[in-house]
Amino acid sequence: QVQLVESGGGSVQTGGSLRLSCAASGYTYSSYCMGWFRQAPGKEREGVARIHTGHGSTYYADSVKGRFTISQDNAKNTVYLQMNSLKPDDTAMYYCASREVYATSWCDEYREPASFPYWGKGTQVTVSS
């Protein structure tokens, strides 16, 4: 059974940085698409970034391009989200999600939360002005 545990959230001021971590366990497949999503109060859950654990291709929402970086440590089964130049609009609960994919496939098509069967419980990020 796949389990995902997020950590690293917190409160920062505008312009600050945080690094989120997502530790995965129970993986039995060779490749996964791992994504970070976020949900602010009263808003729908939205995709932030995704990474293919096999070939490392990454994808970002337009709102975070140039500010956020998704990366992985396969030896630790851990995915990171480095968040720089944070804005109040980035305030949300951040969730890690995962799904099995073929090694030769791409994560680009998996943009919606419904595409991911495995989820962590989330970590809160609050950015104050």
Side-chain angles (χ1 to χ4, degrees):
Q1 182 178 359
V2 174
Q3 291 187 327
L4 304 174
V5 179
E6 304 98 332
S7 61
S11 297
V12 296
Q13 292 187 329
T14 298
S17 298
L18 285 172
R19 189 176 83 153
L20 307 183
S21 299
C22 173
S25 61
Y27 274 176
T28 59
Y29 212 65
S30 60
S31 298
Y32 290 81
C33 179
M34 295 191 71
W36 285 99
F37 291 79
R38 65 186 182 186
Q39 188 167 19
K43 295 187 177 181
E44 292 186 353
R45 192 168 297 189
E46 63 174 357
V48 175
R50 304 183 298 284
I51 187 167
H52 190 291
T53 63
H55 49 66
S57 294
T58 58
Y59 310 86
Y60 297 93
D62 288 342
S63 59
V64 305
K65 279 182 181 176
R67 300 188 299 122
F68 291 10
T69 303
I70 189 170
S71 62
Q72 62 178 341
D73 184 336
N74 283 343
K76 297 181 179 180
N77 273 353
T78 300
V79 169
Y80 304 97
L81 185 69
Q82 178 66 44
M83 305 185 296
N84 298 327
S85 302
L86 283 162
K87 308 173 182 179
D89 284 348
D90 296 317
T91 295
M93 184 70 79
Y94 282 71
Y95 297 91
C96 177
S98 180
R99 64 163 290 139
E100 295 96 344
V101 293
Y102 292 114
T104 55
S105 67
W106 303 91
C107 291
D108 184 48
E109 63 184 279
Y110 303 117
R111 304 183 181 186
E112 299 300 323
S115 298
F116 291 80
Y118 309 115
W119 289 85
K121 294 183 178 181
T123 184
Q124 178 68 36
V125 171
T126 303
V127 185
S128 59
S129 57

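Note: hydrogens, waters and symmetry copies are ignored here, and every other heavy atom, side chains too, is used.
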**Fill in**
Between Leu18 and Gly8 the two heavy atoms that sit nearest each other are CD2-O, 3.9 Å
**Complete:** residues 60-80 vs ring-ring contact (aromatic ring centres under 6.0 Å, His included), sequence neighbours excluded, gives none
**Item:** Heavy-atom pair of closest approach, residues Ser98 and Tyr32
**Value:** OG-CD2, 3.4 Å
**Asked** Of all heavy-atom pairs between Thr78 and Ala23, which one has the smallest distance, and what is that distance?
**Response** OG1-CA, 4.0 Å
**Message:** List the residues meeting side chain to side chain donor-acceptor pair (under 3.5 Å) with Glu100, not counting sequence neighbours, and say none if there are none.
**Reply:** Tyr118
**Prompt:** If you take all heavy atoms of Ala92 and Ala40, which pair is closest and at what distance?
**Reply:** CB-N, 3.8 Å
**Asked** Are the side chains of Trp36 and Val79 in touch, meaning some heavy atoms are under 4.5 Å apart?
**Response** yes
**Message:** Which residues pass the side chain to side chain donor-acceptor pair (under 3.5 Å) test with Ser57, not counting sequence neighbours?
**Reply:** His55
**Asked** Below 4.5 Å, heavy atoms only, C-beta onward: do Phe116 and Arg50 meet side chain to side chain?
**Response** yes
**Asked** Considering all heavy atoms of both residues, which atom of Ala24 and which atom of Met34 are nearest to each other, and what is their separation?
**Response** CB-CE, 4.3 Å
**Asked** Looking at NE2 of His52 and CD1 of Ile70, how far apart are the two atoms once the value is rounded to the nearest 0.5 Å?
**Response** 12.5 Å
**Fill in**
Applying side chain to side chain donor-acceptor pair (under 3.5 Å) to Asn74 and not counting sequence neighbours gives none
**Request:** Could you tell me whether Lys87 and Asp90 have a side-chain N and a carboxylate O separated by less than 4.0 Å?
**Result:** no
**Fill in**
Here the gap from Asp89 atom CG to Lys43 atom NZ, rounded to the nearest 0.5 Å, amounts to 6.0 Å
**Request:** Decide yes or no for Cys107 and Ile51: does some side-chain heavy atom of the first lie under 4.5 Å from some side-chain heavy atom of the second?
**Result:** no
**Item:** By side chain to side chain donor-acceptor pair (under 3.5 Å) - contacts of Ser17 (at least two apart)
**Value:** Asn84
**Request:** Using the rule that two of Ile, Leu, Val, Met, Phe, Trp, Tyr join whenever any of their side-chain heavy atoms come within less than 4.5 Å, decide whether Tyr102 and Tyr59 are in one cluster.
**Result:** no
**Prompt:** In Å, rounded to the nearest 0.5 Å, how long is the span from OG1 of Thr123 to CE of Met93?
**Reply:** 7.5 Å
**Asked** Are any side-chain N or O atoms of Gln13 and backbone N or O atoms of Ser128, one a donor and one an acceptor, separated by less than 3.5 Å?
**Response** no
**Prompt:** Are Arg99 and Tyr110 in a cation-pi contact, defined as NZ or CZ under 6.0 Å from the six-membered ring centre and within 45° of the axis?
**Reply:** yes
**Item:** Heavy-atom side-chain contact between Arg38 and Val125 under 4.5 Å
**Value:** no
**Shortest non-hydrogen separation from Leu81 to Ala49 and the atoms involved** = CD1-CB, 4.1 Å
**Prompt:** Do we see a donor-acceptor contact under 3.5 Å between the side chains of Thr53 and Tyr27?
**Reply:** no
**Item:** Straight-line distance of Gln82 CD to Ser21 OG, nearest 0.5 Å
**Value:** 9.5 Å
**Message:** Once salt bridge (charged side-chain N to carboxylate O under 4.0 Å, His left out) is applied, do any residues pair with Arg45, and if so which ones, sequence neighbours excluded?
**Reply:** none
**Request:** Measure the NZ-CD distance between Lys121 and Gln3 for me, rounded to the nearest 0.5 Å.
**Result:** 8.5 Å
**Asked** Nearest 0.5 Å, what's the CG-OG distance between Leu86 and Ser11?
**Response** 11.0 Å
**Request:** Specify whether Trp119 and Tyr95 have parallel, tilted or perpendicular ring planes, treating 30° as the upper limit for parallel and 60° as the lower limit for perpendicular.
**Result:** perpendicular
